[in-house]
Each structure stands twice: as C-alpha cells, then as structure tokens.
Trainee: 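Dumping the structure here so I can ask a few things about it.
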2 protein chains.
Amino acid sequence: MSMSRTSRSTERLVVIGGDAAGMSAASQARRLKGPDELEIVAFERGHFSSFSACGIPYWVGGDVATRDELIARTPEEHRARGIDLRMRTEVTEIDVAGGRVRARNVDSGAEAWTSYDKLVIATGARPIRPDLPGVDAPGVHGVQTLDDGQALLDTLAATKGRRAVVVGAGYIGVEMAEAMINRGYEVTVVNRGKEPMATLDPDMGRLVHGAMEGLGITMVNDAGVTKILTGDDGRVRAVGTDAAEYPADVVVLGIGVRPETALAKAAGLPLGEHAGLLTDLAMRVRGHENIWAGGDCVEVLDLVSGQERHIALGTHANKHGQVIGSNVAGGYATFPGVVGTAVSKVCDLEIARTGLREKDARRAGLQYVTVTIESTSRAGYYPNAAPMTVKMLAERRTGRLLGVQIVGREGAAKRVDIAAVALTARMTVEEMTALDLGYAPPFSPVWDPILVAARKAVAAVRKNAG
Amino acid sequence: MSMSRTSRSTERLVVIGGDAAGMSAASQARRLKGPDELEIVAFERGHFSSFSACGIPYWVGGDVATRDELIARTPEEHRARGIDLRMRTEVTEIDVAGGRVRARNVDSGAEAWTSYDKLVIATGARPIRPDLPGVDAPGVHGVQTLDDGQALLDTLAATKGRRAVVVGAGYIGVEMAEAMINRGYEVTVVNRGKEPMATLDPDMGRLVHGAMEGLGITMVNDAGVTKILTGDDGRVRAVGTDAAEYPADVVVLGIGVRPETALAKAAGLPLGEHAGLLTDLAMRVRGHENIWAGGDCVEVLDLVSGQERHIALGTHANKHGQVIGSNVAGGYATFPGVVGTAVSKVCDLEIARTGLREKDARRAGLQYVTVTIESTSRAGYYPNAAPMTVKMLAERRTGRLLGVQIVGREGAAKRVDIAAVALTARMTVEEMTALDLGYAPPFSPVWDPILVAARKAVAAVRKNAG
C-alpha cells in the first residue's frame with residue numbers, strides 16, 4: 001500500500017523524528033514554503049514532540065514543576081502550522097531506491113508506505129543501557145524521554161527508601177545526582193572512570209570529585225557496575241561492582257547515549273566511526289541528494305581536531321534543523337561544525353569545557369602546552385567573588401588555542417563562551433591576551449580569568465618554543 | 001640640579017604615575033630586568049599606588065568594607081620589589097630634549113630634575129568638573145581617587161539629610177546612584193542626555209531609565225546643570241538647572257573624565273582629537289623612541305571603526321602597562337586596540353555594550369542594520385530565567401558584526417564578551433549563528449540570546465541586501 005501524492009506539483013518532505021532537529025527542520029521549511037508547494041509529513045514514535053530532554057534532570061529534581069513546561073511545541077501546535085505530524089508512528093524501514101519510508105502505528109500495529117521527494121532523518125540517540133543482570137528491574141530508570149522522567153518520578157513517589165545510586169558521572173550522571181540531592185536522597189555515584197566528568201581532563205575532574213563530596217554525594221570512581229541486585233519483591237535493592245555492593249532504593253542510569261541509526265544503517269546510508277550518520281556541510285547525508293540528517297543521530301565536524309565526533313546536545317540539534325529546513329526549502333545554509341562546548345552544574349558547582357582535552361589533542365596529532373590558573377568571578381574585593389580554576393591548552397609553537405576547561409562557582413561556566421568564539425576564530429593565546437572583555441568589579445577581576453590563563457599559556461608556549 | 005646616574009651601564013626608567021598603567025609597566029619591566037640592568041624610578045603625586053578606581057562606587061555603597069581592599073599593591077610592596085616609588089611627588093615638566101623630568105614634593109615643595117633613558121607616561125585622567133557656581137561647596141564630591149571616596153564617606157557620615165543628587169548618568173553616575181541607594185539615600189540623577197547611559201543607543205538607554213525608576217531613583221533627563229545652590233552655612237542645598245532645582249544634602253559628580261595630558265602637551269608630545277597621547281602599537285609615543293604612554297592618558301585604536309577613542313578603564317590600563325613593561329625591558333608586545341566593551345550595573349540591572357552604537361557607525365562611514373530581541377538568561381522553564389534585551393548592529397551587505405548592547409538582569413552583562421571576541425575576529429552575524437556556545441538549561445536557552453540576535457540580524461542584512 002502506498003499513499004498517493006496530493007498533486008504532482010507539490011513536493012513531499014518526510015521527517016523521521018518529532019523532536020528538536022526534525023521539527024526545527026520541518027518548521028523552518030514551512031516558514032519558507034507554503035503547503036501548496038511543500039507537503040510535510042513527520043513521524044514520531046513517542047508521545048511527545050519538541051521537548052527539552054536537557055530539562056529532564058531539573059524536572060525530576062523539582063526545579064521545573066511540570067512536564068509540560070519542557071514541551072516547546074505540542075503536536076497540535078505543529079499541525080496548526082501545517083505540518084502533518086503523526087505521533088506514535090514509528091518508521092521501520094527507509095527504501096532509499098524507492099524514495100519511501102514504511103511506518104507503523106505503535107498502538108494499532110498498522111503499517112503503510114509513504115513516498116517522499118525529500119527526507120530528513122532525525123532519529124536522535126538512545127541511552128546506553130548496559131547489558132547487566134537486573135537492569136530491567138523495577139526501580140531502575142533511564143532519563144532520556146519524558147516518559148522516562150515520569151516513570152522515575154512515579155517510582156520516587158512510591159518508594160519509601162531514600163538511597164539513590166546514579167550509574168555514570170558524565171553530564172547526565174552529575175545532573176541526576178543534583179536532582180536526587182534536591183529530592184532529599186542520599187546519593188551515591190558509581191563511575192567507571194578515574195574521576196567524574198570524563199569530558200574534562202582527570203586533573204579537572206578531580207576538582208568536581210572534591211566538590212561533589214562536599215555536597216554530601218558519595219563518589220565511587222574506578223568502579224564498573226557488573227550487576228543490579230534485586231530483593232524478594234523483584235525490585236532493585238543494590239548496585240554491584242566486582243568489589244562492592246551499593247544499597248539502592250532507586251537507580252538512575254546516566255551513562256550517555258549512542259546515535260539511533262539502526263534504520264539508516266539498514267538502508268545503507270553512510271555511518272562514521274561513532275555510528276552516527278555522515279553529512280556534508282549543508283547537513284545532507286553524504287552521497288544522497290535528497291536526504292538530510294541532523295541532531296543526535298549524526299556525527300559533527302570538530303573544528304579544532306578536524307575529526308568527526310558524536311555530541312548529543314539540543315543546541316546543535318536546533319541549529320541542524322534550521323540549516324536543514326532552509327536547504328530543503330531551496331534556501332542555503334550550512335553547519336560548519338562544533339568546537340565541543342559543554343556546560344553543566346551540580347548544585348552550585350559549575351563545570352564547562354570547550355575544544356580539546358589532552359587526550360583529544362594527542363589523538364588529533366597535536367602537540368600542546370597546558371596551564372592551570374586560579375582566579376575569581378568578580379574583583380577579589382567585591383562581595384561573593386567566587387573561585388574558579390581554568391585550564392587552557394595551546395598548540396606547541398603556534399600558540400593556537402586548543403581548549404579550555406573551567407570548574408568553579410557562580411559565573412564560571414558561561415565564561416567558556418569566550419574561548420569557544422576564540423577557537424572558532426582560530427586565535428592564538430597571545431591574541432587572546434588582548435581581548436577586550438567586559439570589566440567592572442561586580443563582573444570580573446581587572447584581568448578576566450580567561451585572560452589570566454591566556455597570559456600564562458603565552459609564557460608556556462614561549463618556554464617550549466623548540 | 002640634576003640627579004646623577006648610579007652607573008653608566010645601568011639604564012634608568014622613569015615612570016610618571018603610580019597607578020594601574022604606570023605600576024604595571026614598572027612591575028613587568030622589573031620582572032624582566034634586575035636592578036643592576038635597569039633602575040626604576042616612579043613618581044606619584046597622590047597618597048596611594050595601584051588602586052582600583054573602578055571599585056570606589058562599591059566602597060562608597062558599602063559592598064567593599066575598607067579602602068585598603070581597593071589597593072592592589074602599596075608603595076612599600078612596590079619598593080620591596082625594587083621600584084623606587086616616590087609618593088606625593090608630582091612631575092611638573094618633561095624635558096624631552098634633555099631626557100629628564102622635573103618633580104616636586106607636594107608636601108615640602110622641593111623640586112629636582114631626574115634624568116631618564118626611558119620614560120613611561122601614565123598620568124591618567126582627571127574628572128570633568130563643570131565650571132559651575134558653587135561646584136566647590138562642601139557636600140559636592142567627585143569620585144576619582146581614594147581621597148575623593150574618603151571625603152564623600154566623611155560627608156555622608158556627617159550629614160543628616162538623605163537626599164542625594166548625582167550629576168551625570170554614565171557608568172560613574174549610575175554606579176554612584178546604586179551606591180547612594182545602598183546607603184539609604186533618596187536619589188535623583190540629573191542627566192544632560194535624552195536617556196541615561198549615553199554609551200548605549202537611546203532606545204537601549206530608555207530601558208535603563210525605566211529600570212532605574214523601578215529602583216526608586218528619580219531620573220531627570222535632558223537637564224543641564226547650571227548651578228550648585230548653597231545654604232547659609234555654605235554647604236550645598238540644591239542642584240539647579242534652567243528649569244528646576246533639586247534639593248540635595250550631598251551631590252556626587254559623575255560626569256566622566258578627560259585624559260590628564262597637560263604635561264605631555266607642554267612637552268610637545270603628540271595628542272589626538274580627544275586630547276589623549278597618541279602611541280604606536282607597542283604603546284610608544286609616536287615619534288619618540290624612548291617614551292611610552294598607557295592607561296587613561298592615551299587614545300586607543302577602535303578596531304571596529306578604525307578610529308582613535310579615549311576610554312578610561314582599568315583593564316586597558318593594566319594591559320598597556322604589561323605591553324610597555326615588556327617593550328621597555330627589551331621584550332616585544334603590542335596592544336592591538338579595543339572593541340569598546342563595557343559592563344556595569346545598577347542594583348540588579350545589568351548593562352553592557354561592545355563595538356559601535358548607531359552614531360559611532362555613522363561617524364565611521366559605515367551603513368548598518370539593527371535588530372533588537374528579547375530573550376532570557378536561562379531556559380525559559382528554568383527557575384530565575386531573567387529577561388534581557390539584546391540590540392545588534394551589523395554592516396549592510398557584508399553582514400559584519402558592528403556592535404552589541406545588552407540590558408537585562410543576572411547573566412546579561414558578561415554575555416557581551418561573546419560579541420567582543422566575534423568583533424575582534426571580524427565575524428559576520430551569519431558566522432555567529434553557528435557559534436558553539438555553552439548550553440544547559442540553568443545557563444542559557446537552547447538558542448543563546450546572542451544567537452537569537454545574530455539570526456535576526458542575518459535576516460535584516462538579507463532584507464537590505466541592495
């Protein structure tokens with residue numbers, strides 16, 4: 001069975017995935033082309049469209065009161081804008097040669113083919129769910145979707161015990177640790193790495209480690225989870241490693257995500273070494289004139305290392321969607337790549353990075369110097385001047401900025417944007433020392449912490465000039 | 001009378017001015033060259049060295065407890081580092097041909113010539129003190145020096161009335177308005193311009209106006225002060241304009257500053273159209289091999305307009321000092337220029353700008369488009385997401401970023417740094433839309449306000465493509 005076109009002169013755009021990238025693409029295309037020129041059909045297998053997955057930890061933690069606040073645009077709102085968004089409908093096959101997709105209604109099981117002139121793949125990412133005994137036991141939760149968040153909240157409401165174990169200490173792990181602290185839980189974080197936040201170098205991760213312990217979180221590093229232990233009632237009772245067991249009334253899996261590209265792979269579309277779809281700068285799937293992809297299912301070019309990376313982040317997904325929507329509608333836009341900026345917090349501890357860590361630089365074949373400095377968010381004499389540590393990497397000999405990591409308190413995280421722009425512009429650390437950054441005592445020391453780090457990096461580059 | 005050299009092989013550096021630029025230069029030179037290679041003599045006419053003038057409003061307002069917290073390094077500390085800093089000693093003449101300066105002890109009146117091999121002029125700026133009847137009356141205060149700050153605090157302690165009039169509504173004016181509010185005063189700001197903060201375009205100044213009134217400050221715009229009225233006791237009793245009188249128990253002059261270059265002018269050194277010294281990129285006074293100048297007494301190159309400006313700001317003075325100190329000691333450094341970044345606040349209102357205002361762009365011969373957007377400091381659903389307004393100027397046709405102005409609450413001001421780096425890198429607003437800025441719900445909406453403005457600016461540039 002194949003759905004027929006409404007008219008030969010109307011092109012049909014099919015979008016797979018109703019979240020940030022897919023619906024941004026659909027919305028942008030709709031802004032540029034009316035329904036008589038472009039029909040837009042979007043398939044979403046879940047219950048929700050255009051929601052902020054990044055907001056889930058704050059909803060679980062109670063900072064955001066209701067689920068609906070995380071929904072940027074409902075299916076009804078999309079439909080009112082002329083997008084035929086079909087919820088609870090999962091695409092099960094892409095027929096590239098035939099220019100059609102097969103979709104199945106998740107509730108009824110009914111299947112149908114829909115032909116497309118242009119296709120956007122925005123299938124997102126799926127959480128890494130370790131293949132452990134007991135991982136499906138009641139009380140063990142992922143936090144990828146709004147349904148996941150609701151299920152976790154339901155568990156919290158129904159559970160008397162106050163011991164939470166978070167598995168993983170990356171962004172999701174530390175944010176969920178904060179959420180559970182805010183809910184009044186006794187929190188243990190079990191982490192495979194030497195230090196939390198493997199997105200930082202270990203010396204900076206150590207600062208996060210110390211601060212988390214200061215917040216009353218029990219940090220267990222160097223610990224691979226081998227099993228989830230259950231009680232007589234079948235519910236989770238502990239998380240087990242080879243060395244120990246950590247009692248748990250609730251377990252949150254925050255191990256990270258992988259590109260959801262099984263569909264693309266089966267269709268023979270090109271995947272990269274991180275299993276994400278490979279696109280050109282216009283976000284078109286390489287080698288395919290009429291297929292675009294964006295969001296958490298693609299790999300992006302890291303402008304600093306020159307290599308592809310997989311980064312699941314709503315801000316990239318939205319940009320991809322904008323670019324795709326413009327190009328699909330006959331406009332022109334590109335996504336040049338990323339520099340790897342990420343910010344997060346655990347209670348009042350702020351964590352930020354951009355560019356390359358030491359091991360990224362080595363992997364990219366770059367030689368580098370590193371410096372680490374201590375400074376404050378405001379002039380030292382101004383009230384609430386908060387300490388921050390800034391680590392900076394610069395390329396050996398050229399002095400080009402390679403990366404910045406910041407751990408501090410209020411005012412620390414967003415300072416990383418200065419370095420993100422400098423990386424994009426391929427500035428040297430010497431050029432950075434002259435940057436005209438905003439200065440007034442309530443906002444910065446007379447030398448902004450980024451400038452202090454840059455000055456020290458200049459000296460390190462000179463010292464290693466050989 | 002001329003002081004003799006200690007030895008022919010030791011050069012002598014003379015520094016005029018013991019504050020940020022002068023003492024940074026002296027300190028950096030000392031780091032690079034020991035006392036056997038370079039003798040350093042510095043003259044300061046005041047009581048203090050290396051103090052933060054920018055911090056005075058916060059000391060007066062009570063956020064900073066004591067004067068000493070504003071002193072980065074005392075005369076004794078400088079001397080311990082091998083700098084012959086002579087306090088209360090005013091240089092009264094520079095004899096360029098003879099390579100010497102005449103200095104007078106302010107207290108004893110004794111004068112002497114000191115010869116130099118290298119000279120650094122860091123004479124700073126002097127506050128604009130309008131030539132008004134009554135301006136020298138008790139109760140009328142400037143806030144340029146620590147002595148000024150102490151005198152004002154003494155007046156506040158001795159005055160019963162709680163009515164303060166601040167003359168001027170630039171950075172100093174609004175910061176002093178906040179200080180007087182914090183001290184419990186009823187504050188009136190009398191401002192010559194149409195709106196406060198003439199460093200912003202009037203449409204953005206209007207937002208500051210509204211916010212200041214919301215803080216209980218009485219804003220009087222379009223009002224030139226013509227006289228200071230005094231009572232029978234000789235003390236100030238009101239500030240008068242042509243139209244009205246504003247009762248005052250204390251008056252704070254916050255009208256801005258001019259380069260202090262009378263000495264340089266008398267010596268025949270080159271001054272620019274803003275009466276500041278003109279230097280090359282190494283901060284050497286133009287046409288003079290062995291004289292450098294920096295800080296509030298020089299003009300700086302505005303990298304966006306290509307013209308010289310006068311900007312009195314501690315962060316520039318410190319950079320100048322570093323550059324001068326390196327060059328004086330035989331190293332190499334340059335100060336490439338500024339983009340005009342400035343941040344300030346009035347209570348919880350944050351104000352920032354970088355690059356060109358509309359009238360700056362016109363004066364520079366640039367045609368431009370402007371856009372203004374409203375956004376928030378955090379994801380809209382996150383607690384305490386604070387509103388902010390961002391205005392962006394981009395060059396017509398090329399789309400090059402020309403300037404950004406921000407008025408908002410917490411998290412607004414330092415976002416201007418993103419634009420400051422983009423201006424330095426001569427980015428277009430289209431390039432800016434792809435910037436990889438830090439995103440997480442507690443720190444930014446999924447599109448950072450700067451990106452929202454850049455996207456709208458791209459559309460405006462396209463619309464005005466002709």
Side-chain angles (χ1 to χ4, degrees), chain A residues 20 52 54-55 58 63-64 69-70 171 175 303 313-316 318-319 322 334-345 350 352 354 379-383 411 413-418 420-425 427 431 433-444 446-448 455, chain B residues 20 52 54-55 58 63-64 69-70 171 175 303 313-316 318-319 322 334-345 350 352 354 379-383 411 413-418 420-425 427 431 433-444 446-448 455:
Chain A
S52 170
C54 324
Y58 308 102
D63 281 328
V64 176
E69 294 182 55
L70 300 182
Y171 289 103
E175 286 167 5
L303 296 168
L313 202 55
T315 187
H316 299 329
N318 273 280
K319 285 179 187 140
Q322 281 283 321
T334 63
F335 182 81
V338 303
V339 294
T341 312
V343 295
S344 189
K345 75 180 190 76
E350 298 189 3
T354 190
Y381 56 76
Y382 194 86
K414 277 293 264 181
R415 265 189 169 80
V416 84
D417 286 346
I418 297 163
V421 186
L423 282 169
T424 306
M427 284 187 182
E431 286 167 335
T433 61
L435 283 173
D436 186 0
L437 304 179
Y439 162 62
F443 298 110
S444 173
V446 71
W447 291 95
D448 191 278
R455 284 173 62 189
Chain B
S52 170
C54 324
Y58 308 101
D63 282 328
V64 176
E69 294 181 56
L70 300 182
Y171 289 104
E175 287 167 4
L303 296 168
L313 203 54
T315 187
H316 298 329
N318 273 281
K319 286 179 186 139
Q322 281 283 322
T334 63
F335 182 80
V338 303
V339 295
T341 312
V343 296
S344 189
K345 75 180 191 77
E350 298 190 2
T354 189
Y381 55 77
Y382 194 86
K414 277 293 264 180
R415 265 187 170 81
V416 85
D417 285 346
I418 297 164
V421 186
L423 282 169
T424 306
M427 284 187 182
E431 286 167 335
T433 62
L435 284 173
D436 185 2
L437 304 179
Y439 163 62
F443 298 110
S444 173
V446 71
W447 292 95
D448 190 278
R455 285 173 60 189

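Just so we're on the same page: letters track the sequence lines, and every chain starts at 1.
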Trainee: Are B:T424 and A:D436 side-chain neighbours, meaning at least one heavy-atom pair lies under 4.5 Å?
Mentor: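 With C-beta onward as the side chain, the pair stays apart.
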Trainee: Go through the structure and list residues passing side-chain hydrogen bond (donor to acceptor under 3.5 Å, both in side chains) with B:S344, not counting sequence neighbours.
Mentor: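 Partners of B:S344 under the side-chain hydrogen bond (donor to acceptor under 3.5 Å, both in side chains) test: B:E175.
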Trainee: Return the option, out of B:F443, B:F335, B:Y171, with the maximum number of heavy-atom pairs under 4.5 Å with chain A.
Mentor: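 The candidate making the most pairs under 4.5 Å is B:F443.
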Trainee: If you take all heavy atoms of A:V446 and B:T315, which pair is closest and at what distance?
Mentor: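 What the structure gives for the nearest pair is O-OG1, 2.8 Å.
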Trainee: Looking only at heavy atoms, what is the nearest atom pair of A:L435 and B:K319, with distance?
Mentor: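 The pair with the smallest heavy-atom distance is O-NZ, 2.7 Å.
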Trainee: Using a 4.5 angstrom heavy-atom cutoff, name the option from A:S52, A:P336, A:A352, A:A379 with the most pairs to chain B.
Mentor: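 The candidate making the most pairs under 4.5 Å is A:S52.
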Trainee: Where on A:T433 is there a heavy atom nearer than 4.5 Å to chain B: the side chain, the backbone, both, or neither?
Mentor: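 The backbone, not the side chain.
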Trainee: Select, from A:V339, A:T354, A:L303, A:L313, the one with the greatest count of heavy-atom pairs under 4.5 Å involving chain B.
Mentor: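 Option with the top pair count is A:V339.
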Trainee: Counting heavy-atom pairs under 4.5 Å with chain A, which one of B:A440, B:G314, B:P383, B:A425 comes out on top?
Mentor: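 Looking at each option in turn, the highest pair count goes to B:P383.
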Trainee: Would you mind telling me which of B:E431, B:E350, B:R415 has the largest number of heavy-atom pairs within less than 4.5 Å of chain A?
Mentor: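 Winner by heavy-atom pair count: B:E350.
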Trainee: At a heavy-atom separation under 4.5 Å, does A:A434 approach chain B through its side chain, its backbone, both, or neither?
Mentor: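 For A:A434, heavy atoms of backbone and side chain both lie under 4.5 Å from chain B.
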Trainee: When rounded to the nearest 0.5 angstrom, what is the spacing between OH in A:Y382 and CG in B:D63?
Mentor: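 These two atoms lie 4.5 Å from each other.
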Trainee: Using a cut-off of under 4.5 Å on heavy-atom pairs, state which of A:V64, A:L70, A:N318, A:V338 scores highest against chain B.
Mentor: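 Of A:V64, A:L70, A:N318, A:V338, A:N318 has the most heavy-atom pairs under 4.5 Å with chain B.
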Trainee: Below 4.5 Å, heavy-atom pairs only: which of A:A413, A:G380, A:A342, A:P441 has the largest tally toward chain B?
Mentor: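 Between A:A413, A:G380, A:A342, A:P441, the count favours A:P441.
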Trainee: Please identify, among B:A420, B:A20, B:G55, the residue contributing the most non-hydrogen atom pairs under 4.5 Å to chain A.
Mentor: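 The option with the most such pairs is B:G55.
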Trainee: Listed by chain and number, what are the side-chain hydrogen bond (donor to acceptor under 3.5 Å, both in side chains) partners of B:Q322, not counting sequence neighbours?
Mentor: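 Residues passing side-chain hydrogen bond (donor to acceptor under 3.5 Å, both in side chains) with B:Q322: A:R455.
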Trainee: Below 4.5 Å from any heavy atom of chain B, which atoms of A:Y58 appear? Answer side chain, backbone, both or neither.
Mentor: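 Looking at A:Y58, just its side chain touches chain B.
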Trainee: May I ask you to test the A:L437-B:K414 pair for a side-chain heavy-atom distance under 4.5 Å?
Mentor: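 Yes, close enough: below the 4.5 Å cut-off.
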